[in-house]
Amino acid sequence: MLELEIAHNWPGFQLQLHLTIGAELIVLFGRSGAGKSLTLRAVAGLFHPASGRIILNGRVLLDTRSGINVPPQARRVGYVPQGYALFPHLTVFENVAYGLRSSSKEVHHRVMEWLDRVGLADLAGRRPHQLSGGQQQRVALARALAIQPDVLLLDEPLSALDAPTRSELQALIRTLQRQLNIPVLFVTHQLAEAVLLADRIAVLEGGRLLQVGLPKDVLHRPARPEVAHLVGVRNLLRGQVRGISPEGLRVWIGEREIRAHWDPAAPPPPAGADLLVCIRAERIALVRPDRLPPPERENLMEGEIIRESDYGLSQVLLFRVYGPRLTPERDYDLEIEIPPYVYERLGLDRIRRWTIAIRPESVHGIPCG
Amino acid sequence: MDWFPLLLSAQVATLATAINLLLGIAVGWLLARRSFPIRDLVGALVTIPLVLPPTVLGYYLLVALGRTSPIGQALEALGVPLVFTWRGAVVAAAVSSLPLMIQSCRAAFEGVDPELEQVARTLGRSEWEVFWTITLPLAWRGILAGMILSFARALGDFGATLMVAGNIPGRTQTLAIAVYDAVQANDPTRAGILVALLSIFGILTLVAAQQLGRRLAA
């Protein structure tokens with residue numbers, strides 16, 4: 001268990017976050033410059049925040065109030081920086097053995113065991129420059145884990161790798177975390193990787209934590225507008241609360257009422273409160289006239305496709321609703337993303353007038369002042 | 001042919017390089033890895049022998065180490081006077097070639113990615129161990145190149161050595177001074193041989209330094 005509470009000020013940038021991590025894989029997600037790497041470096045003891053506390057399994061690593069600052073040597077953290085930082089003058093074996101101090105027989109046994117676990121047992125004698133990027137990352141993992149750390153810190157570990165190698169290593173990291181059962185902090189700016197790997201995602205922006213939650217919650221229930229932008233919500237609409245009913249929240253957008261999800265545990269927002277309404281482009285369905293769902297179950301709107309963009313793996317349609325508009329300030333109301341085969345099956349290049357259906361669970365409102 | 005100047009020069013340059021190796025590693029590392037208030041001043045001070053006329057440098061050393069100075073008197077009392085001895089030639093050669101050594105060491109240490117040292121620390125190794133197992137081995141080629149340059153410069157020093165150690169044949173007359181002496185004595189053959197020796201050696205060391213530098217870059 002890792003408890004982290006750090007703050008540091010620079011001119012124009014402020015790092016301030018509080019995070020508690022169990023034996024889980026936490027992804028620190030955000031743009032570059034959000035403070036993700038700094039957070040890892042603070043845990044490793046390579047960056048000293050002006051104030052804060054870091055407690056790892058009950059051991060106080062940093063407490064600025066009582067002047068405790070355990071040096072990196074004694075922290076028992078496995079740190080893999082971006083670019084791996086393998087020692088270029090040492091062999092794979094020597095790299096992994098670097099942090100071990102015990103009899104040479106035991107070291108040999110442990111190094112070979114780790115090289116075996118990351119699938120590099122037959123490359124022990126190579127130098128780092130003779131390895132591929134994926135192999136280098138495996139060595140860096142083995143080296144960090146061989147010292148039996150209490151936490152593993154991975155800074156953009158896979159960003160320089162090609163797609164197949166990347167997914168192999170994603171699986172390896174996931175497996176190792178489950179086997180070792182230690183907290184893993186994994187930094188990435190790639191949403192798909194964050195969602196795939198994370199037990200929980202911590203979204204950082206400008207040195208602050210915007211949201212910490214399950215991947216599906218961060219994706220579908222962003223807590224703040226900035227998170228909605230970061231997780232790629234393309235339909236962000238201004239609306240007002242009309243009221244709350246058993247079916248959910250009733251929201252007024254433009255001149256229309258839309259039903260939205262509201263967590264029953266959360267206090268309902270007052271009527272008239274401003275909301276930023278998030279609807280993921282992937283969550284809007286085009287339905288045939290003969291298969292319309294009952295209007296009390298889903299939000300139904302008639303309209304037409306006015307433009308589209310072909311992204312190869314998906315089609316993005318710009319849709320304008322008939323009647324009261326949702327966003328009168330531009331010529332379309334919603335972006336809809338669908339796979340190419342759906343586009344072809346529905347004959348969207350010919351048929352442009354459609355009814356769209358949006359389930360209330362797919363409509364998420366962020367209260368905004 | 002009297003080979004004494006050649007032997008003396010080899011001895012002086014070797015000892016000067018050995019002293020500079022220690023000083024160069026220590027100061028070069030400090031300049032590359034530590035920030036302290038007077039770093040730029042220290043950086044300038046250790047470079048100044050490169051731009052001062054060697055006679056000026058020699059004059060400073062003479063004043064600092066001579067019989068009238070506290071250091072000179074202390075050395076005299078210990079029975080190891082420097083001025084007008086071959087030891088003085090070592091000091092003069094070391095000081096005049098020190099900037100080359102420190103600059104090479106500084107560049108070599110700056111070329112080592114600090115992240116490697118940081119990772120080594122997280123792996124539990126002490127600062128001292130990190131220096132010996134990571135920093136120094138990775139900076140070694142640059143330091144070696146600095147040693148070669150420094151050795152060549154020490155071997156060729158004339159002005160500072162003349163000021164501090166004088167020109168005493170058979171005692172403090174180094175190769176470079178012997179060239180001057182031979183010309184003064186109107187002995188072109190001897191001057192020619194000595195000049196050829198110094199030139200060949202100078203070219204060889206610079207070729208070696210370049211090759212090391214290229215391998216360093218690769």
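Any value given below was found using the heavy atoms of this structure, including those in side chains, with hydrogens, waters and symmetry copies removed. Protein chains get the first letters and strands the later ones, always in sequence-line order, with residue 1 at the start of each.
- For chain A, the option among B/Gly124, B/Pro137, B/Ser126 with the highest count of heavy-atom pairs below 4.5 Å is B/Gly124.
- Residue A/Gln82 touches chain B through its backbone alone, counting heavy-atom pairs closer than 4.5 Å.
- The existence of a salt bridge linking B/Glu129 and B/Arg121 is excluded, since no basic side-chain nitrogen approaches an acidic carboxylate oxygen closer than 4.0 Å.
- In this structure, A/Arg117 forms a cation-pi arrangement with A/Trp114, its terminal cationic atom sitting closer than 6.0 Å to the ring centre and no more than 45° off the ring axis.
- The number of heavy atoms from other shown groups lying within 6.0 Å of CZ (B/Phe84) is above 12.
- Within residues 86-106 of chain B, no residue has any heavy atom closer than 4.5 Å to a heavy atom of chain A.
- Side-chain contact of A/Thr188 with A/Glu193: a donor-acceptor pair under 3.5 Å is present, judged by distance alone.
- Taking the six-membered ring where tryptophan is involved, the planes of A/Trp10 and A/His8 are tilted, since the angle between them lies from 30° to 60°.
- Rounded to the nearest 0.5 angstrom, A/Gln136 CD and A/Leu141 CG are separated by 12.5 Å.
- Taking 4.0 Å as the cut-off between side-chain N and carboxylate O, A/Arg178 and A/Asp199 do not count as a salt-bridged pair.
- With chain B as partner, the option from A/Pro88, A/Gly78, A/Ala146 having the largest number of non-hydrogen pairs under 4.5 angstrom is A/Pro88.
- Among B/Asp113, B/Thr133, B/Ile134, B/Val130, the residue with the largest count of heavy-atom pairs under 4.5 Å with chain A is B/Ile134.
- Both the sub-6.0 Å distance and the 45° axial angle are satisfied by A/Arg143 relative to the ring of A/Phe87.
- Considering only heavy-atom pairs separated by less than 4.5 Å from chain B, the leading option among A/Pro72, A/Gly99, A/Ala144 is A/Pro72.
- With respect to chain A, the highest number of heavy-atom pairs below 4.5 Å among B/Gln118, B/Arg125, B/Glu127 belongs to B/Arg125.
- Contact of the A/Ile68 side chain with the A/Val70 side chain is registered, since non-hydrogen atoms from C-beta on lie closer than 4.5 Å.
- Counting only N and O atoms by type, the side chains of B/Glu117 and B/Thr135 include a donor and acceptor under 3.5 Å apart.
- Contact check on B/Arg153 versus B/Asp157 returns a salt bridge, with a Lys/Arg side-chain nitrogen under 4.0 Å from an Asp/Glu carboxylate oxygen.
- Between the side chains of A/Gln177 and A/Arg174, at least one donor-acceptor pair of N or O atoms lies under 3.5 Å.
- Residues from residues 27-53 of chain A that place a non-hydrogen atom less than 4.5 Å from a non-hydrogen atom of chain B comprise A/Arg41, A/Ala44, A/Leu46, given in numerical order.
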